[in-house]
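Down below is the structure, laid out as C-alpha cells.
Residue numbers start from 1 in every chain, and the chains themselves are labelled A, B, ... in the order their sequence lines are given, proteins ahead of strands.
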There are 2 protein chains.
Amino acid sequence: MAGATGWTAELISARHSLERSSTAAKVADILRDMVMEGRILPGAKLAEDSIADALQVSRNTLREAFRLLSHERLVVHELNRGVFVRVLTEADVIDIYRMRRALEGAALQFWGASADPGRAPGVSHVRSAVTLGVAAAERGDWDGVGTANMHFHRSIAALADSARIDEIMSQLLAELRLAFHVMPTVRDFYEPYLGDNERIATLVEAGRSQEAVAVLLDYLNRAEDQLLREFASKAGRHSAQADPAST
Amino acid sequence: MAGATGWTAELISARHSLERSSTAAKVADILRDMVMEGRILPGAKLAEDSIADALQVSRNTLREAFRLLSHERLVVHELNRGVFVRVLTEADVIDIYRMRRALEGAALQFWGASADPGRAPGVSHVRSAVTLGVAAAERGDWDGVGTANMHFHRSIAALADSARIDEIMSQLLAELRLAFHVMPTVRDFYEPYLGDNERIATLVEAGRSQEAVAVLLDYLNRAEDQLLREFASKAGRHSAQADPAST
DNA sequence: ATTGCAGGATCGTTCAACAAACCTTAGGCT
DNA sequence: AGCCTAAGGTTTGTTGAACGATCCTGCAAT
C-alpha cells in the first residue's frame, strides 16, 4: 500500500499463520468447522477409531482434540460411551439467554453509559455491525445478516472491555448455532431484529443506555421465545410417530 | 402412578452417587487441591515425568488432567515448554472484577427484584451465607469468613438461576484464590466487608435491588483496589532497583 | 414382553519409542 | 570480558500397539 508501515501491519495480521499449534488443536479446528456448518448433526456420535483413521492421527491426539471441543460445549463426553455432538435442550436455550441477558445487559448498562468521545471506539464497532447487517439484508444475503447480528451482539458485550466476557460471549453464540439448525429458514429469525439493532445503536450513541438496555432485553425475550417455539413444534413432530398407543 | 413416580424421583436424586469418574479427573482433583491450598505456588512448573511417576499414572492420562485444569485457568500450557501454575497479573485481576460486576450486578438487578415469597429460596441462601460469615468472624475463624464470603457471592450470582452463570462464578472465585496468595493476612481482606454483605442481604430481602446493586458495585471496587494495591507493593518490592528513573 | 447371557465393538489406560523443540553448557570469535 | 554458535542432554508432542473394562446387540429362555 503506502510503504514501510504497510509492510509491518501486513506482517502482524499474518502473524497468526505461523503461530504453531498442536495437532490436537488443528484436529479440533476441523471438527469444529464441520459441526458449526451442520455437516455433523447434533446427537451424532464421533467414533474414535473411524475419525482417527480418517484424519491420520492417533487416538490419543484425537482424544485431546475432543477435550478441547467439550470444553467449548460443542460436544459432550459420556464415560465409556464416547463423545457426541451436543444436542441443545430447551433448558439449555433458556440458560444461554439468561446468561446473555446478564452479560449484554450489564455491558450496556455499566459500560455503555460513557458518552464521552474518549470511549467511542467500542460504540463505533456497534454501529458498524449494524450497517453491515443492513447492507447484507439489502442484497438478500440472510446468511450475512446472521453473521452481522452475531458481530453486533459481540460488540455489545465488548463494551465491557473484558477478555473473559468476550470469550464467554463467543462461546454462547457458538452454542446457539447448534440450536439454529432447528430453524427452517434463517431469514424469519433475523429479519425482525434489524430494526432493534439500529435502535439500540442509536440509543447507545446518545448515551441513553438505560433505554438501550430495555430494548435489548425485549429483543432477547422475543428471540428466545421464537427459538423455544421452534423447539416445541419440532418435538411435537417427532413424538407423533413415537407414540406407541396407536398400534 | 403416584407411588411409582415418587420412587423414581428418589432414585434420580441419588444418581450422582454412582457417577464414576475417570482417573484423569481424579488426578486433576488432586492437583487442583494442591494449587488452591498454595502447596504448589503460582509460576511453578508441573513436569510430566515426575508427577506421572509420583501419582503412578501414565503421561497420557496426566496430560488429560492438565487439559482439565487449564480449562479452569488454574494452569497455563505453553507449547513444547510444559504447564505452569497460573500467575495472575494485574490485568487478570481487573478483568476478573469486571466480569464479577457484570454477573453479580446483573443477577442482583434483573433477578433479585422478585420480592414475592415464591422466589424466596434464592434470597434465603444469601442470608444464610451472611450469618455463616458473622458466626465465623465472632469465633475468630478468618479462614471460615473467607469461605462464607465466597458462598455469599456465589449465592448472589445464583439468583439468576442459571447453571452456566453458577459455573463461571465458581471459576472466577477459584481464580481469585490464586491472587489471594499475595495477601499478607486474610483478615485484613475480609473484615471490612462483613457489614457490606449484611446490608446487601437486607436490601435484597426488602426488594430494594437497585440500592443493593449500588452497594455491591462499591464493594467490588474497594476489594479490587485493595488487591491491586497489594500487587503493586509486591511488585515494587521486587523491582525497586529495576527503576532507575526515580531517586 | 421381560430377563439372562454370549459375542463383538468401543472406550479407558498404559507402555515404549522416537521426532521435535527447548534449555544448558562449552568453545570459539572479536 | 562479552557475544555468538554449536553440541548435548532434557522435556514435550505424537504415535502405535496392547489389554482390561464397559457398553451395545442379538438371541434364547422363561
Side-chain angles (χ1 to χ4, degrees), chain A residues 15-32 35 40-41 43-71 74-87 242-247, chain B residues 1 3-4 7-8 11 15-32 35 40-41 43-71 74-87:
Chain A
R15 185 168 53 189
H16 74 94
S17 64
L18 66 136
E19 247 169 27
R20 297 157 308 150
S21 64
S22 66
T23 56
K26 291 184 216 161
V27 171
D29 287 343
I30 295 174
L31 293 176
R32 186 185 308 106
V35 169
I40 313 180
L41 289 179
K45 171 166 186 176
L46 301 180
E48 294 188 352
D49 258 326
S50 56
I51 295 180
D53 205 52
L55 291 180
Q56 293 280 62
V57 297
S58 88
R59 271 179 63 216
N60 278 318
T61 333
L62 179 60
R63 285 164 69 79
E64 292 214 356
F66 283 163
R67 297 269 175 200
L68 294 177
L69 294 175
S70 83
H71 151 213
L74 291 184
V75 304
V76 291
H77 182 172
E78 298 181 24
L79 193 58
N80 283 321
R81 287 187 20 90
V83 311
F84 304 81
V85 178
R86 182 86 178 282
V87 177
D243 188 52
S246 60
T247 34
Chain B
M1 171 181 171
W7 272 60
T8 56
L11 287 179
R15 185 168 51 187
H16 73 94
S17 64
L18 65 137
E19 249 169 23
R20 298 150 306 153
S21 67
S22 68
T23 57
K26 291 183 215 161
V27 170
D29 287 343
I30 294 175
L31 294 176
R32 188 185 306 107
V35 170
I40 313 179
L41 290 179
K45 171 166 184 176
L46 301 180
E48 293 187 353
D49 256 326
S50 57
I51 294 180
D53 204 52
L55 290 180
Q56 294 281 60
V57 298
S58 88
R59 272 179 63 215
N60 276 320
T61 44
L62 178 59
R63 284 163 68 80
E64 292 214 356
F66 282 163
R67 296 268 176 201
L68 294 177
L69 294 175
S70 83
H71 149 218
L74 291 184
V75 304
V76 291
H77 183 174
E78 299 181 23
L79 192 58
N80 283 322
R81 288 187 20 88
V83 312
F84 304 81
V85 178
R86 182 85 178 284
V87 177

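Checked against side-chain contact (heavy atoms from CB on, under 4.5 Å), A:Ser70 has the following partners two or more places apart in sequence or in another chain: A:Val75.
Smallest separation of non-hydrogen atoms from B:Leu68 and B:Ala25: CD1-CA, 4.0 Å. Nearest heavy-atom pair, B:Glu64 versus B:Ala24, reported as atom, atom and distance to 0.1 Å: CB-CB, 3.9 Å.
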*Would you mind building the protein contact string for nucleotides 6-14 of chain C? One character per nucleotide, 5' to 3', B for base within reach (heavy atoms under 4.0 Å), S for sugar-phosphate only, - for untouched.*
----SBBBB

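With respect to the salt-bridge test (charged N to carboxylate O, under 4.0 angstrom), the residues A:Lys26 and A:Asp29 do not qualify.
Here the CD1 atom belonging to B:Ile51 is positioned 6.5 Å from the CD1 atom belonging to B:Ile40, to the nearest 0.5 angstrom.
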